[in-house]
2 protein chains.
Amino acid sequence: MEIISNISVDCVIFGFDNTCLNVLLTKRELTDPLTGELMIEDYTMQGHHALVGENLDDAAKRVLKDKTGLEDIFLKQFYTFGDTDRLLKEKDQLWLKTKFPMVRNHVITVAYYSLVDSSKVKPYQQYQNTKWFPVKMLPELGFDHEKIIRVALEYLQEEIRKEPIGFELLPEKFTLTQLQNLYEVILDIKLDRRNFRKKVAQMKHVIPLNEKQKGVAHKPAQVFIFSRDVYNRTKKERLDFSV
Amino acid sequence: MEIISNISVDCVIFGFDNTCLNVLLTKRELTDPLTGELMIEDYTMQGHHALVGENLDDAAKRVLKDKTGLEDIFLKQFYTFGDTDRLLKEKDQLWLKTKFPMVRNHVITVAYYSLVDSSKVKPYQQYQNTKWFPVKMLPELGFDHEKIIRVALEYLQEEIRKEPIGFELLPEKFTLTQLQNLYEVILDIKLDRRNFRKKVAQMKHVIPLNEKQKGVAHKPAQVFIFSRDVYNRTKKERLDFSV
DNA sequence: AAACGTATGTGTATAAAATACACTTAGCAA
DNA sequence: TTGCTAAGTGTATTTTATACACATACGTTT
């Protein structure tokens, strides 16, 4: 279980609560042992170093399991951050020297993002001093994690325009309004309800169930599921080369 | 100039010769010092290890400069290959033990691809035992470089559908037929000439010059240039979330 | 000098996809 | 029973994609 001291793996864990796109973050605190003064109080994604003999993808799965308890989750490598100054901010150096003196100054981090149904993660939150934050209202972040999250969001926005990955953020059964909110929030755009539904109706992989929402104080919505199998069988290629 | 022994940078260098999309590769040869027998004869991309104190992007620029002599070239990080078995094939181990005994078994490589006007590269080819190969007819490759090139091509195909990067593969001045061939070859599709030209006509960043092809045995084509400035000022966003 | 070969350049009709837009309905709560 | 809320639905218009054939300019050959 020896760690590779100059390679880490970070995982931007995205969740969706029908209103916001959120990121799961862990608090980082450091108190001066003499004065008791709080010297660092911020959040990080708390990745891990890769282990000797471990594939990068496995390291990412390990990080995700560790923070959410979840396995077999959508996980995508999107970028590797390798600038020499990424850990050199004063407070980060203080943190590393205090807590991880064996870690080098130049650590490259292979970054993944994952999409989880956040209702499945809740139990772990309190246990680990870990909290969801809307990507639009991030707290103060350590290292270069703000940049990593920003870049992750850009890759997610691109990917969700082309691939049916939004469903990973929703419960297995969902309504079209939930799905539409998801796209609106992630892409930061407004969509027309009727046109959206027309578009979804063409997607054979979004399958209506004989089931309705329950316990809502309005007309109950129909419930849908996503089928990756159907998607793989019916997907089309698109050409664009942007005008 | 100390190297980082477990991190390398590979660069898939793409070029275009109006017929094929090519990759620049360097021969790798190993002869048995006793028998004189040729033990290894194949090609690799010949990346380099990152250097201590060097940003990853700078390492990639260095690799590109080293192989092509070119600077300020389109360069895009697309994936980091980190499987533990990527250098473990028998002949690769033989190569490493003979030539680079200080290199570890588990090296992760951050892969970039670059797009170059291959007419600018020629002078360097003979000097460095380096050759262009069509991506559709690759020679035997060392390490996991065949996989890396295949993945690079997938990323390139995606990117070129959305961003005006094809121009990087053409000379500054080009004809619409050249441009069309480029798209057809990279995307492996057939395009209708009239519809293609209609589409390009909408792109304000493809600018006709008062200049025609010379010395061709047919009606000379009009010459165009690409303007990134104009592109940045006029680009539109697209939405899709694939049907 | 005429004829030939070759790749360039061009327009229209049709189909498909994207967009804009307003009223009725089902359930729960008051 | 009334009111509140979000669900559900169709049509007309604009934009974009697709399919398709002949004349032109240049160099080469005869």
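Convention: sequence-line order gives letters A, B, ...; per-chain numbering from 1. Please read all numbers here as calculations on a predicted model, not as lab measurements. Worth knowing before you read on, the calculation uses all heavy atoms, side chains too, and leaves out hydrogens, waters and symmetry mates.
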Enquirer: Please figure out whether N195(A) or A221(B) has its closest DNA chain C nucleotide nearer the 5' end.
Expert: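 That would be A221(B).
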Enquirer: Among side-chain atoms of D229(A) and S227(A), is any donor-acceptor pair under 3.5 angstrom?
Expert: no
Enquirer: Does a distance-only test, which skips hydrogens and angles, find a donor-acceptor pair under 3.5 Å between the side chain of R197(B) and the base of dG9(C)?
Expert: no
Enquirer: Would you kindly give the CD-to-C1' distance between Q213(A) and dT5(D), to the nearest whole Å?
Expert: 12 Å
Enquirer: Specify whether F224(A) and F174(A) have parallel, tilted or perpendicular ring planes, treating 30° as the upper limit for parallel and 60° as the lower limit for perpendicular.
Expert: parallel
Enquirer: Return a table of donor-acceptor pairs under 3.5 angstrom between the side chains of residues 71-83 of chain B and protein atoms on other chains or two or more places apart.
Expert:
residue: T80(B); atom: OG1; partner: T80(A); partner atom: OG1; Å: 2.4

Enquirer: Can you tell me how far P of dA17(C) sits from CG of L191(A), to the nearest Å?
Expert: 18 Å
Enquirer: Confirm from the modelled atom types if K199(B) and dT18(D) form a donor-acceptor pair under 3.5 Å, side chain to base only.
Expert: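 Per atom types, no contact qualifies.
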Enquirer: According to the interplanar angle, ranging from 0 to 90°, do the rings of F226(B) and Y231(B) count as parallel (below 30°), tilted (30 to 60°) or perpendicular (above 60°)?
Expert: tilted
Enquirer: Can you tell me how far C1' of dA17(D) sits from CD1 of I189(B), to the nearest Å?
Expert: 13 Å
Enquirer: Rounded off to whole Å, could you give me the OH-to-P distance for the Y183(A) and dA18(C) pair?
Expert: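 Taking atom P of dA18(C) as the reference, OH of Y183(A) is at 14 Å.
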Enquirer: Where the side chain of R193(A) is concerned, which of dC21(C), dA7(D), dA25(D) is the nearest nucleotide?
Expert: dA7(D)
Enquirer: Would R161(B) count as a cation-pi partner of Y183(B), with NZ or CZ less than 6.0 Å from the six-membered ring centre and within 45° of the ring normal?
Expert: no
Enquirer: Can you check whether any acceptor in the base of dT16(D) is under 3.5 Å from a donor in the side chain of K198(B), or vice versa?
Expert: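 Answer no: no donor N or O sits under 3.5 Å from an acceptor.
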Enquirer: Once you round it to whole Å, what is the distance between P of dA6(D) and CG of L176(A)?
Expert: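 Checked: the CG to P distance equals 16 Å.
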Enquirer: At 4.0 Å (heavy atoms only), tell me whether T177(A) reaches a base, stays on the sugar-phosphate, or touches nothing.
Expert: sugar-phosphate
Enquirer: Figure out the CD/P separation between Q222(B) and dA25(D), and round it to whole Å.
Expert: 14 Å
Enquirer: In this structure, how many angstroms lie between the C1' atom of dA26(C) and the NZ atom of K219(A), rounded?
Expert: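 Atom-to-atom, K219(A) to dA26(C), this comes out as 6 Å.
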Enquirer: Whether the side chain of R194(B) and the base of dA21(D) hold a donor-acceptor pair under 3.5 Å is what I'd like checked.
Expert: yes
Enquirer: How do K212(A) and A217(A) order along DNA chain D: which one's closest nucleotide is nearer the 5' end?
Expert: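 On the 5' side of the pair lies A217(A).
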Enquirer: In whole angstrom, what separates H218(A)'s NE2 from dA30(C)'s P?
Expert: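 Nearest whole value for this atom pair: 15 Å.
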